[in-house]
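Single-structure report; data block below.
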Amino acid sequence: LSKILCIVIFRSFNRIQFSNYFWLIRPLNCTTAAFAVVLAVYLALGENLVNFNLIVFIPIATAAFFVTAHSMVHNDLVDYDLDKINAPHRPLASGKISLINGKIFFLILGLAAITSGVLIDISLDIFPFSCFWAILNMSILDIYNYRLKKSGLFGNFVIGYVVSALFIYADIIVNGGLTMLSINIGGYTFFVIWGREIFKDIYDIEGDKEFNIKSIPVLYGRKAGAVVGSVLIVIGILVSIPIIFDENSSNLLKLIFGVLHSITIYICIKIIKNINDDDLIKSFKRLLLRILLLGILSYLLVNNLFETLS
């Protein structure tokens, strides 16, 4: 049976260029997730990095990669009919990959994520935690794609959770539980991503109205969306304050976070005052990711590296 399955899969995939599958998974999103979880584990390790088996970083990265890829393919399977209208260039919607092959690929990616989780568990002797974590987050993302995407604020919440869950997972496998550092950085990430999703909804308001997506901007208007998104982002900034004013934080780190937070708050206020400026909103949702990443990298490089050098 296994031989027959392998032959069917090989023949199905061999008929279509592999580049179509590459673009189907949205490789940038998958690579970003892999990089983020490695960053989170490195952050959680701190001074214990020298005692950690660095080879385990490989299945940790691949687990995040395949969980994300699984979700990206499922998203296109669920949105198949909509993408025929809104994104006809996508591999499934264009017919470059058939629905049956897309479903097979979706299952293979899920198995790859679970396999990566098992490899982590075996290496760190924590079975079945990582395996369970991969299944849990794939399930959450699948439910999001299938049902919660149209629910508005709660759907935005799920995206915030999934991203911040990388820091929760890293802290648990490294430290056996949550530390204040992961709570602060994970909380900062969670609220900023949640707020960013609402700003995305402002930009997508016309399409969301057409497809009956109950986002904050659709239900209560663009300005309400900007205010709610800004409040969530400011909460994230407040959650990060203990990191900035920790006794071990350098003045340079305080300066960097101060500048990043000031820019973020300034643009939030500017959008509320210029709520119909779609170009500003579009650029802000991109900028937020860069600010978030720069903040986390700054903590790693400025604090950890400078402490090592001193």
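For reference, positions follow the sequence shown, starting with 1.
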Task: Test log, rule side chain to side chain contact (heavy atoms under 4.5 Å, CB included), inputs V162 and V158 - done: CA-CA 6 Å; V162 170; V158 170; 4.3 Å; yes
Testing the basics here: between [X] and [Y], what is the closest heavy-atom pair and its distance to 0.1 Å?
{"X": "A170", "Y": "A44", "result": "O-CB, 3.9 Å"}
{"X": "R90", "Y": "L24", "result": "NH2-O, 3.1 Å"}
{"X": "I97", "Y": "L92", "result": "O-CD2, 3.4 Å"}
{"X": "I272", "Y": "A226", "result": "CG1-CB, 3.9 Å"}
{"X": "I173", "Y": "S130", "result": "CG2-OG, 4.4 Å"}

Task: Identified side chain to side chain contact (heavy atoms under 4.5 Å, CB included) counterpart of I25 within the set P91, C30, S71 - done: C30
- [ ] Assess whether side-chain hydrogen bond (donor to acceptor under 3.5 Å, both in side chains) is satisfied between T179 and D171, documenting all intermediate values.
- [x] CA-CA 7 Å; T179 61; D171 215 20; 2.8 Å; yes
Assign the ring pair [X] / [Y] to parallel, tilted or perpendicular, where the plane angle (0 to 90°) is split at 30° and 60°.
{"X": "F199", "Y": "F284", "value": "perpendicular"}
{"X": "H70", "Y": "H74", "value": "parallel"}
{"X": "F154", "Y": "F157", "value": "parallel"}

Open item on the list: Checking D201 now: which residues fulfil salt bridge (Lys or Arg N to Asp or Glu O under 4.0 Å) with it, not counting sequence neighbours?
Closed with: none
Open item on the list: Under 4.0 Å between a side-chain nitrogen and a carboxylate oxygen: does that hold for D208 and K214?
Closed with: no
Task: Worked verdict on N137 versus Y161 for side-chain hydrogen bond (donor to acceptor under 3.5 Å, both in side chains) - done: CA-CA 10 Å; N137 284 280; Y161 156 75; 3.2 Å; yes
Open item on the list: For Y42 together with F57, are the ring centres under 6.0 Å from each other?
Closed with: no
Task: is_close_aromatic(F105, Y21), centroid dist under 6.0 Å - done: yes
Task: Pair K149-N75, side-chain donor/acceptor within less than 3.5 Å - done: yes
TODO: Using distance alone, with no hydrogens and no angle criterion, decide if H89 and D83 have a side-chain donor and acceptor under 3.5 Å apart.
DONE: no
Open item on the list: Tell me whether Y80 at atom OH has more than 12 heavy atoms from other residues, nucleotides or ligands lying less than 6.0 Å away.
Closed with: yes
Open item on the list: Going by side chain to side chain donor-acceptor pair (under 3.5 Å), name the residues that satisfy it together with T62, two or more places apart in sequence or in a different chain.
Closed with: S116
- [ ] Verify, without hydrogens or angle tests, whether N175 (side chain) and G177 (backbone) share a donor-acceptor contact under 3.5 angstrom.
- [x] no
Task: side chain to side chain donor-acceptor pair (under 3.5 Å) contacts touching residues 255-280 (sequence neighbours left out) - done: R222-N276, R222-D278, S240-H261
